[in-house]
Q: 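Sending over a structure as structure tokens; questions will come in a sec.
Ligands are counted one by one from 1 in listed order, and the atoms in each one are counted from 1 as well. Starting from 1, each residue takes its place in the sequence as its number. Hydrogens, waters and symmetry mates are skipped; everything else that's a heavy atom, side chains included, is used. Note that the structure is predicted; figures quoted are calculated from it, not measured.
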Amino acid sequence: MPSELSAYVSDPTPGRGALRPARSWLHSDAPSLSLNGAWRFRLSPTASVAQDFAAEEFDDHGWESIPVPSHWVLEGDGAHGRPIYTNIQFPFPIDPPHVPDENPTGDYRRHFAVPADWSDAERIVLRFDGVESLFRVWVNGVDIGSAAGSRLAHEFDITPAVRPGDNVIAVRVHQWSAASYVEDQDQWWLPGIFRDVTLTARPAGGIEDVWLRTGFHDGRGRVEAEITAEGSAFPVTLRIPELGVEQVWETAADVTPVDAGEVEPWSAERPRLYDATVSTAAESIALRVGFRTVEIRGDRFLVNGRRVVFHGVNRHEAHPVRGRVFDEEHAREDLARMKRFNVNAIRTSHYPPHPRLLDLADELGFWVVLECDLETHGFEKLGWVGNPSDDPAWREAYLDRIRRTVERDKNHPSIVIWSLGNESGTGSNLAAMSAWVHARDAERPVHYEGDYTGEYTDVYSRMYASAAETERIGTAGTDTPLLNCTPAQSARQRAKPFLLCEYAHAMGNGPGALDQYEALVHEHPRLHGGFVWEWRDHGILTTAPDGSAYHAYGGDFGEVVHDGNFVMDGMLLSDDVPTPSLYEYKAVVQPVRFVFDGDKVAVTNLRHSADTSDLRFRWRVEHDGTPVDAGDLEVPVVAAGESGWVSLPPVPVAPEGETWLTIDAVLATAAPWAPQGHVVATVQSDRSPHIPVPAVRHRTGWRPDAGTLTLGAAEFVDGCLVNLAGRAVTGPRLELFRAPTDNDESPSDGVEESDASVPGVSNAELWRRDGLDRLTARRVSVERPHDRTDALRTLDKVSAANSALFVMVESVWSLEAGELELRVEIEPSRGWSTVWPRIGIRFDLPDGGAPVDGAEWFGLGPSESYPDSLRAARTGRFSSGIDDLSVDYARPQETGHRSGLRRLTLTSTGTEVFRLEALPDTHGRRPGFTLSRHTPQELARAGHPYELPASTTSRLTIDAAQHGLGSRSCGPDVWPEFALRPEARTIRLRITAG
Ligand code: GAL
């Protein structure tokens with residue numbers, strides 16, 4: 001590679017020629033022209049291709065066409081290289097600031113016509129909103145400049161190069177550059193011009209930039225304007241028609257704060273915006289202002305004087321087809337979905353999103369932590385040696401990044417915190433960024449998680465702290481030093497508001513224990529909540545070898561280094577389907593809390609500032625899941641932070657069954673993000689009388705006896721169940737294995753809460769070592785009571801190859817008052833040392849012409865639930881087809897467990913097959929069930945859904961217990977209370993034919 005080129009590609013400074021200072025992304029009436037659309041495109045494998053294409057007369061007829069915005073690796077069916085997914089790893093040698101000669105380089109060209117009436121423009125400005133990663137631009141063969149900072153905007157003055165009528169623009173984009181070292185976020189590497197390209201005609205006497213800083217105090221709004229314009233552009237007028245504000249500033253020196261009078265404040269809950277314009281004779285800029293004041297007082301983070309609790313998510317720009325290309329409709333629906341799931345905050349991990357997203361956040365209402373495009377995580381492996389964050393050669397690049405970040409988005413009321421970046425170690429360049437933000441925007445606090453000791457940031461932030469550690473952070477005056485802190489540094493951090501910038505790693509099935517974190521927020525006011533990692537999976541829609549469509553993750557495109565499915569860690573699947581974790585999250589953070597006391601309920605409004613006047617309260621009573629009464633609950637308006645007691649309606653109680661009272665808080669009128677009647681919060685109260693469980697009838701006189709036997713709906717041959725309700729069946733067999741979740745597959749870091757973990761080893765590995773996935777049984781005995789034909793008892797010893805550990809399984813089939821009962825006693829030997837994934841029994845139900853393909857149940861539902869993820873589950877009657885009982889996690893794993901089962905009916909094409917009643921054990925514990933087309937072993941073997949074998953057998957597993965989910969794929973293990981230790985369990989079922 002020629003050295004000039006090498007110097008250019010590996011230059012840590014941010015390029016040349018882009019306009020400074022950076023400006024806001026403004027809605028101006030100055031003429032503009034979108035250059036989005038079809039461009040000519042040529043991809044080269046290295047950066048060292050001749051630059052002759054920049055010349056006006058270059059013939060690009062042989063080139064292909066590519067849409068702008070787009071990522072070239074997602075266009076052309078693999079003809080333009082493939083996406084690469086890495087988390088921390090650099091997909092090229094760590095040789096900063098150099099990158100390999102193999103550096104995919106995309107050349108773009110197009111013609112554009114400058115309208116004749118642009119001739120009176122003072123300047124013509126070319127704007128790029130996002131190009132990954134380094135690009136250089138020519139107009140009509142004139143070298144305009146270059147820039148890096150993929151998710152940042154760059155503008156160039158191209159006035160000297162353009163002319164009315166036809167023009168040619170040429171852009172060269174390199175996938176790798178020095179900038180790649182500071183853009184090492186956990187996501188796909190997706191090169192290209194992936195955001196808008198726009199030309200604007202800047203008028204003489206126009207407004208270069210405007211910043212309307214707003215405040216809200218004592219019911220009044222205040223606007224402090226910063227106008228960037230030539231002196232000759234004045235007078236400048238600010239208008240906020242709804243407030244009667246019309247302020248004319250004759251000169252720059254006149255621009256003083258404006259009292260906007262009485263206003264409604266802006267909050268994430270009531271995102272009140274006022275239309276404003278800032279105009280000169282030549283240009284008018286439209287803004288939507290929200291009045292709010294952000295401040296830190298002691299260890300509290302306050303907006304409008306009230307503490308904020310972040311019920312947030314980390315949001316990447318990710319779309320299964322478009323990658324990071326913005327689609328407003330999709331983004332709006334995504335944000336509306338967040339609102340429907342009680343999400344009130346967004347961290348823009350780990351770069352500024354498309355600028356329009358912030359308009360949507362202002363409008364729909366979110367507290368936003370706006371993060372700069374910066375991550376150098378790959379240097380961690382080198383002990384942070386050579387980390388750009390502490391290298392003066394990179395100082396200007398860091399400052400350029402934060403300036404572009406803050407300047408672009410400074411007008412948004414939704415942005416309440418600036419974040420310097422993510423996982424970039426620590427050092428003077430980060431401190432310099434912080435100093436710049438403090439000087440530029442004295443109001444909004446600075447966040448950066450990597451500043452563990454609090455040298456230059458205003459809030460204390462951590463990721464993946466366990467609930468126990470989070471509690472220690474929140475506790476006043478505790479002596480325990482904080483992570484990486486001396487006692488003095490700990491004291492400094494404890495004097496600040498705390499937030500979890502990432503927690504609850506939502507990879508695959510999980511996380512558990514969301515409720516533990518939420519409880520802490522209400523106990524320790526220093527804790528301001530956090531941001532779940534993360535909102536959505538980043539799967540890329542592609543085609544499997546068998547032709548079926550699926551969502552690809554790392555490794556699926558043949559990457560040399562990759563991080564597998566670590567990119568599939570959202571509460572939303574790649575195709576927008578909410579996972580059960582999102583329902584759990586919604587229930588855990590619901591903004592209304594209910595506490596029952598006899599015939600009263602206390603309704604507490606946990607919101608920041610909105611009262612409950614937007615809500616209606618509905619109640620209903622169900623007997624064994626069947627509605628018997630319903631009505632509206634008259635709840636007086638409850639102010640934020642307050643509670644009110646309300647009398648409950650008389651609840652008719654079922655003498656024989658269960659009685660549940662449910663209260664829903666619903667939207668009284670439609671919101672921009674949900675229809676009227678949308679459920680915001682729910683609670684249930686168990687009003688059932690005590691119902692005794694039938695005692696186990698003890699039989700004596702058992703003696704060996706095989707042969708055939710019919711008991712109710714069950715037929716046995718030599719003690720084996722062969723037929724149930726007229727259908728062939730095998731089992732029940734002991735099932736201790738579950739297809740490991742991503743948390744189960746994650747190695748322990750040695751500081752797990754569970755005393756059964758082994759440092760560096762995953763639970764799944766321990767299970768495989770113990771052979772839980774390959775248990776075999778030996779029948780020890782088959783017996784019947786002497787002289788009786790109404791019972792059968794079998795004893796099995798279950799163990800795995802090359803293991804002396806075992807479990808005895810005693811199964812008693814009997815007729816009890818004419819009903820078939822199965823009681824299974826599961827009794828572990830001594831010596832089991834791991835946690836167990838589950839303690840269950842599995843029935844295999846072969847197709848037999850018509851498969852068992854549906855379930856109706858009374859128990860917890862409608863979604864799957866696990867011991868540490870039960871808050872979204874409610875007691876009721878539910879039904880589902882077999883396929884909808886499982887979640888299509890990107891990597892197949894444990895799914896579908898419904899807890900707290902009372903009654904289950906299996907169906908085949910709508911017809912009942914058999915009914916099953918689950919009796920609680922002597923501790924009152926009820927089993928759960930899973931109905932699946934696949935065994936746990938089959939699920940565990942598949943890397944993607946398309947790898948699952950075709951199935952003709954339905955599998956019903958009744959679990960006495962399941963291990964919790966935890967968050968160990970990146971964070972704490974299952975909390976001890978929800979960890980399943982080997983233990984004796986009883987399963988009791990009553991079975992009748994359909
Ligand atoms: C964090 C990081 C995120 C993501 C997450 C794990 O350390 O900030 O970007 O990688 O871990 O999914």
Q: Please determine if Trp533 has a nitrogen or oxygen closer than 3.5 Å to a nitrogen or oxygen of ligand 1.
A: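 Looking only at distances, the answer is yes, because the N/O contact criterion of under 3.5 Å is met.
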Q: Using the rule side-chain contact (heavy atoms from CB on, under 4.5 Å), only one of Ser389, Ser434, Ser424 pairs with Tyr448; which is it?
A: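 Filter result, single survivor: Ser424.
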Q: Would you say that more than 12 heavy atoms from the other residues, nucleotides or ligands in this model lie under 6.0 Å from the CZ of Arg403, or not?
A: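 Correct, the count exceeds 12.
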Q: Applying a heavy-atom cut-off of 4.0 Å, say which part of Asn87 lies close to ligand 1: side chain, backbone, both or neither.
A: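 The side chain, only.
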Q: Run the salt-bridge test on Lys410 and Glu407 with the 4.0 Å N-O cut-off and return the result as yes or no.
A: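 So Lys410 pairs with Glu407 through a salt bridge.
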Q: Which ligand 1 atoms, with their elements, are less than 4.0 angstrom from a heavy-atom of Asn422?
A: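 Once the distances to Asn422 are compared, the set is 2 (C), 8 (O), 9 (O).
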Q: Below 4.0 angstrom from a heavy atom of Met463, which ligand 1 atoms are there? Numbered from 1 as shown, please.
A: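 Matching atoms, with element in brackets: 1 (C), 7 (O), 8 (O).
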Q: How far is atom 2 (C) of ligand 1 from the closest protein heavy atom, and which atom is that?
A: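 Ranked first by proximity to atom 2 (C) of ligand 1 is Glu423 OE1, 3.1 Å.
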Q: For atom 8 (O) of ligand 1, what's the nearest protein heavy atom and its distance?
A: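 Protein heavy atom with the smallest distance to atom 8 (O) of ligand 1: Glu502 OE2, 2.6 Å.
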Q: What atoms of ligand 1 come closer than 4.0 angstrom to any heavy atom of Asp569?
A: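 Here the atoms of ligand 1 in question are 12 (O).
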Q: Does one side chain, of Thr457 or His447, offer a donor that lies under 3.5 Å from an acceptor on the other?
A: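 Result is no, nothing qualifies.
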Q: By number and element, which atoms of ligand 1 are closer than 4.0 Å to a non-hydrogen atom of His350?
A: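 Selected atoms, number and element: 3 (C), 8 (O), 9 (O).
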Q: Quick test: of every protein heavy atom, which one is nearest to atom 5 (C) of ligand 1, and how far off is it to 0.1 Å?
A: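 Here the closest protein heavy atom is Tyr464 OH, 3.3 Å.
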Q: Within the structure provided, determine whether Cys485 and Gln493 are in side-chain contact (heavy-atom separation under 4.5 Å).
A: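 A side-chain contact under 4.5 Å exists here.
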Q: How about Tyr351 and His316: are their ring centres within less than 6.0 Å of each other?
A: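 Close enough - the centres of the two rings lie under 6.0 Å apart.
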Q: Which atom names give the shortest non-hydrogen contact between Val561 and Pro91, and what distance separates them?
A: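 Smallest heavy-atom distance, with atoms named: CG2-CA, 3.8 Å.
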Q: Dump the intermediate steps for side chain to side chain donor-acceptor pair (under 3.5 Å) on Trp394 and Asn387, then the final yes or no.
A: CA-CA 10 Å; Trp394 287 88; Asn387 182 19; over 6 Å; no
Q: Starting from atom 4 (C) of ligand 1, what is the nearest protein heavy atom, named by residue and atom, and what distance separates them?
A: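 Sorting protein heavy atoms by distance from atom 4 (C) of ligand 1 puts Asp186 OD2, 3.1 Å first.
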Q: Which atoms of ligand 1 sit under 4.0 Å from any heavy atom of His505?
A: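 Listed by number with element: 6 (C), 12 (O).
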